[in-house]
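Only this structure's heavy atoms are used, side chains among them; waters, hydrogens and symmetry mates stay out. One-based numbering along the sequence shown.
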Amino acid sequence: MSSLTEAISNLKPFNAIVVGDVMLDDLIFGDADRLSPDAPVPVLRVRRSEHRPGGAANVCLNLAALGGRVSLISITGDDTEADRLLAALDAESIDTAGIARDAQRPTTVKRSLIGLAQHRHPQKMFRLDIESTEPVTEIVRDRLLAALDERLATADVVCIEDYNKGVCTTELCQAVIERARAADVPVLIDPAAIDDYARYRGATCITPNRTEAEKATGQTADSPDDNAALARTLLETCELDTIVLTLDRHGALLLEAGAEPTLVPTVARAVYDVTGAGDMVLAGLAASVANELPWRDAVGIANAAAGLEVEIFGVEPIPLTKLHHAIMKQEGRLAGKRRTLEQLVIEAQAIRAGGGTVVFTNGCFDIIHTGHVTLLEKAADLGTMLIVALNTDDSVRRLGKGDGRPINTLADRARVLGAIGAVDAVIEFDDDTPLKLIEAIKPDVLVKGGDYTREAVVGHEIVETNGGRVALIDLVDGKSTTGTIEKLRS
């Protein structure tokens, strides 16, 4: 087994097919700070609303965020909600040509009323479900399977997301599994909360949580041995290659045919909202399996992705860069503030994916003085993350700063910079300029002292071409490293 950092570095773009129940999540946000005068119920004063793809559609968005080219095979109503759902998927380049529209059923809608009590955290107050759970007709099933057949030759993985809303009938699931097996394409399934898993027989892997597994087997699990027994029962009765039994904060139990069960732990996180965690587990596993990673690594990546998901209110895809960054932190690859270029590129992408801003400056920082600290503090105020590129000792000597420079070695200078609270990351460079770093990191804000002009700042063209800007910060009068050294020598 490789480290997870190495494993996730091997994830490349892949082709995925998702089959299952789609829905539209309607989120209505407002203030809930009073009760109705005519009944003992809270009043929601609506502020805004959001519409997000849910169910199998959310799995598609998660896969796309992890680098997948995704085709969705499902059914919607022929209504405004379907228009809204398909538009959202089309905007994310999901192939929706395999979706059948049926005027005889509504598009599944989960409408949540979300109150912001006392102007604090959002909290779901009530949910309205608009849906039909009638099984799809034979005509619709054949249309969905025809769409599968058109896409299977180029697929790396097939996912079935079953919410028991009518798409994933026994006939459809078995046909999908049979066709995918014949094409040597793995089939991963997030099962519904039902008491009979016969429809999933022959799949590559299923990913129930413990409660779902107990319901499907009629067994209870109160210990690690019970968990293993649950997994083995499902593995054997469903004739699977692998089962991943998710265990909330305890991680997941991995059981492969012919092997002993393995507990894959996860990092403890503050759980804000578990909505979408199962979708994220399926997507993380699918992206890994499509890239032929070992199952142990695949479960580790899925655990990490689900951990990030539960820290978010509602459902939101986790970008690959954010997941990669989280795994690097989890494995201690980002201990301290010194970074390699590869680490910084990933970290900067993760910051931007989360809506943040990356600030970059560079220099020798030989003897730190108040002018340096002032510049760094003001630079940090311009964004989310401040990166400081530090000249190596040889680079400083080539700059002609004077005899005996640098006074402090690279290691010493980097350590002092790392102790300054405004600095988030330090990276060294041996070239005469940090141009290569700027090209790779693509900072949003490029900072230099006020003794520069915009045109004289190395890399300003690159930053501005990418939509960023140059910021010049006034120097502190009378404060410079050269002046400090001259004063000491005199």
Side-chain angles (χ1 to χ4, degrees), residues 4 8 11-27 50-74 84-96 99 108 110 112 114 122 156-161 163 188 190 207 246 266 269 271-291 298 300-330 346-356:
L4 281 189
I8 197 169
L11 290 188
K12 302 296 188 292
F14 57 94
N15 295 322
I17 298 172
V18 177
V19 182
D21 301 295
V22 297
M23 55 193 70
L24 184 68
D25 290 334
D26 273 358
L27 307 176
E50 294 180 7
H51 312 282
R52 301 174 183 173
N58 180 53
V59 174
C60 292
L61 298 185
N62 289 337
L63 287 166
L66 296 176
R69 294 176 289 267
V70 189
S71 298
L72 176 57
I73 296 174
S74 186
R84 190 170 284 159
L85 175 60
L86 295 179
L89 292 170
D90 290 340
E92 299 299 327
S93 300
I94 307 299
D95 170 21
T96 59
I99 294 179
T108 300
K110 306 292 185 182
S112 297
I114 301 167
D156 298 305
V157 66
V158 172
C159 297
I160 297 179
E161 180 64 73
Y163 278 87
L188 279 59
D190 184 8
T207 65
T246 59
T266 190
R269 296 183 182 274
V271 177
Y272 192 33
D273 185 354
V274 298
T275 306
D279 297 347
M280 197 67 240
V281 167
L282 181 62
L285 287 174
S288 303
V289 169
N291 278 275
I301 289 171
N303 275 348
L308 293 174
E309 185 66 46
V310 300
E311 291 183 328
I312 301 168
F313 182 82
V315 175
E316 183 178 313
I318 304 299
L320 180 59
T321 51
K322 183 176 180 179
L323 179 58
H324 198 161
H325 181 235
I327 288 175
M328 287 196 303
K329 290 176 66 177
Q330 175 180 317
I346 293 167
E347 201 162 0
Q349 290 174 339
I351 292 293
R352 280 191 288 267

Checklist entry - Are more than 12 heavy atoms from other residues, nucleotides or ligands located less than 6.0 Å from atom NZ of Lys329? => result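 Open: at most 12 neighbouring heavy atoms sit under 6.0 Å from NZ of Lys329.
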Which distance, rounded to the nearest 0.5 Å, do you find between the [atom1] of [X] and the [atom2] of [Y]?
X      : Y      : atom1 : atom2 : value
Lys110 : Asp25  : NZ    : CG    : 8.5 Å
Glu92  : Cys60  : CD    : SG    : 11.0 Å
Leu89  : Leu61  : CG    : CG    : 6.0 Å
Thr96  : Leu85  : OG1   : CG    : 9.0 Å
Asp21  : Thr108 : CG    : OG1   : 7.0 Å
Ile8   : Leu323 : CD1   : CG    : 3.5 Å

Checklist entry - Any side-chain heavy-atom pair from Leu188 and Thr207 closer than 4.5 angstrom? => result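 No, too far: nothing below the 4.5 Å cut-off.
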Item to check | Result of checking Val19, Asp95, Val22 against Leu72 for side-chain contact (heavy atoms from CB on, under 4.5 Å) | outcome: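 Output: one option passes, namely Val22.
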Checklist entry - With sequence neighbours left out, what residues match Asp26 under side-chain contact (heavy atoms from CB on, under 4.5 Å)? => result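 For Asp26 the side-chain contact (heavy atoms from CB on, under 4.5 Å) partners, ignoring immediate neighbours, are Leu24, His51, Val109, Arg111.
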Item to check | side-chain contact (heavy atoms from CB on, under 4.5 Å) against Ser112, all qualifying residues, sequence neighbours excluded | outcome: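 Partners of Ser112 by the side-chain contact (heavy atoms from CB on, under 4.5 Å) criterion, ordered by chain and then number, come out as Leu27, Ile114, Lys124, Arg127.
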Distance-only check: which donor-acceptor pairs under 3.5 Å involve side-chain atoms of residues 280-288, not counting sequence neighbours?
from: Ser288; atom 1: OG; to: Gly284; atom 2: O; distance (Å): 2.9

Checklist entry - Do Asp279 and Asn58 have side-chain atoms, one donor and one acceptor, less than 3.5 Å apart? => result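 Side-chain D/A pair, Asp279 to Asn58: present.
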